Amino acid sequence: MFCFVFVLALMGCCCSAKIYKVGDSKGWRAKEGGTYYEWAKRKEFQVGDSLMFEYDSNVNYVTQVSSRFEYQFCNSLSPKAVYNTGHDVVTLTEPGYHFFISSNRSQCVAGQKLVVFVVHDHPNPPPPPRKILPYGKDYKVGDSNEWRVPEESDFYSKWSEEKQFHVGDSLLFYYNDQVDDVLEINSDLEFKSCDTSSPVAVHNGGQDLIRLTKPGIRYFITSKNGHCEDGLKLRVVVRPLSKSVPKKTQMSPFDRLIKCFEDVILHFSNHGLEEFHVAAWFGDFIVALLPDHSDFETQLSSVLGVNWKMRSQTLNCAPSRDLQVL
């Protein structure tokens, strides 16, 4: 019985992880006319997922490298890991960029290389420390259009205006790193004029996750000539973390009537009437009025010799309203 429960627990904790066969049916081999960017860009890799490399080990094998520099220049002199069985499964154990190239440099230069961006497993994130921002939403910039020159110049303006960004959210930029990049700039003037001379940050990975860490306005453009002018730029307004407001407890009509009853006892006992007499009178009075309580406050005022409507406003008490609901 214990073993059965243990197996179920293991299945439960691992069932959300995915295994991606690199290159799908074609496997890991030299690409014609490009890298594995097209294969990777429409997938969202999370911590715990795995990459399956299938290839001819007599021709080449898989080298994992540490930096974008090694990836871009097919430098396998200081590999992070080497896989050479022809059927390798690599589990992605941490978020961030992971770089893979062919051990055959000529094939790597021809396009046999892969970069993947791994995000946290959002369905079950670890509870963040108090001083670290909570995980918010991840917004894929441009949705299916991704980050590329749009057909309409105001496309990204409309995309941004339809959403509410808060501190802790993230922007995920997907794009062809051979065609575009992402520059963050400082001001609205630079944004309008597509000024790339003083960027705050430069991103060129093809899959860039940018976290929104403070309220304000963030500006993003591309450095590629003419693309920003054609509409490849994004302005987002980041709002502060929303504060949860406790909901007011709604009292039922009967509870409001009881509360009103208690207010009456307290109020008139403070004015010389004994609590017992007030309670007894009030109970009998309600019973007598149940068939016809259309003008409860007027009758109550005539008996007690006070303006009950005024008193009921002070005490937040309206018996006629509550009796009518009962």
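Note that the numbering runs from 1 along the sequence shown for the chain. Note that this is a predicted model, so its numbers are computed, not measured.
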When clusters are formed from ILVMFWY side-chain contacts under 4.5 Å, directly or step by step, what else is grouped with [X]?
X      : answer
Leu189 : none
Phe69  : Phe73
Val89  : Ile19, Met52

Are [X] and [Y] close enough that their ring centres sit under 6.0 Å apart?
X     : Y     : answer
Phe53 : Tyr83 : no
Trp28 : Tyr36 : yes
Tyr20 : Phe45 : yes

Side chains of [X] and [Y]: closer than 4.5 Å at any heavy-atom pair?
X      : Y      : result
Ile101 : Cys108 : yes
Cys194 : Lys233 : yes
Leu209 : Val119 : yes

**Request:** Could you name each residue pair satisfying salt bridge (charged side-chain N to carboxylate O under 4.0 Å, His left out) that touches residues 219-231, not counting sequence neighbours?
**Result:** none
Run the ring pair (Phe, Tyr, Trp, His ring centres under 6.0 Å) test against [X] and tell me which residues pass, sequence neighbours left out.
X      : value
Phe191 : Tyr219
Phe155 : none
Tyr97  : Phe117
Phe99  : Tyr71

**Message:** Just to verify, what does His227 make a side-chain hydrogen bond (donor to acceptor under 3.5 Å, both in side chains) with, not counting sequence neighbours?
**Reply:** Asp180
**Prompt:** Partners of Lys21 by side-chain hydrogen bond (donor to acceptor under 3.5 Å, both in side chains), sequence neighbours excluded?
**Reply:** Glu54
Among side-chain atoms of [X] and [Y], is any donor-acceptor pair under 3.5 angstrom?
X      : Y      : result
Asn104 : Ser106 : yes
Thr222 : Asp181 : yes
Ser103 : Thr63  : no

**Request:** Take Lys137 and Asp169 through the side-chain contact (heavy atoms from CB on, under 4.5 Å) test and state the conclusion after the steps.
**Result:** CA-CA 5 Å; Lys137 294 181 180 179; Asp169 293 344; 3.8 Å; yes
**Fill in**
The side chain to side chain contact (heavy atoms under 4.5 Å, CB included) partners of Glu151 (sequence neighbours excluded) come to none
**Complete:** Here the gap from Ile185 atom CD1 to Leu183 atom CG, rounded to the nearest 0.5 Å, amounts to 8.0 Å
**Message:** Would the distance check show the side chain of Tyr175 and the main-chain N or O of Gly205 forming a donor-acceptor pair, the cut-off being under 3.5 Å?
**Reply:** yes
**Complete:** With Gln112 as partner, the option from Arg29, Gln107, Arg105 fulfilling side chain to side chain donor-acceptor pair (under 3.5 Å) is Gln107
**Message:** Applying the ring pair (Phe, Tyr, Trp, His ring centres under 6.0 Å) criterion to Phe220, which one of Tyr156, Trp147, Trp159, Phe173 satisfies it?
**Reply:** Phe173
**Prompt:** Can you list every pair that meets side-chain hydrogen bond (donor to acceptor under 3.5 Å, both in side chains) and has a residue in residues 198-207, with sequence neighbours left out?
**Reply:** none
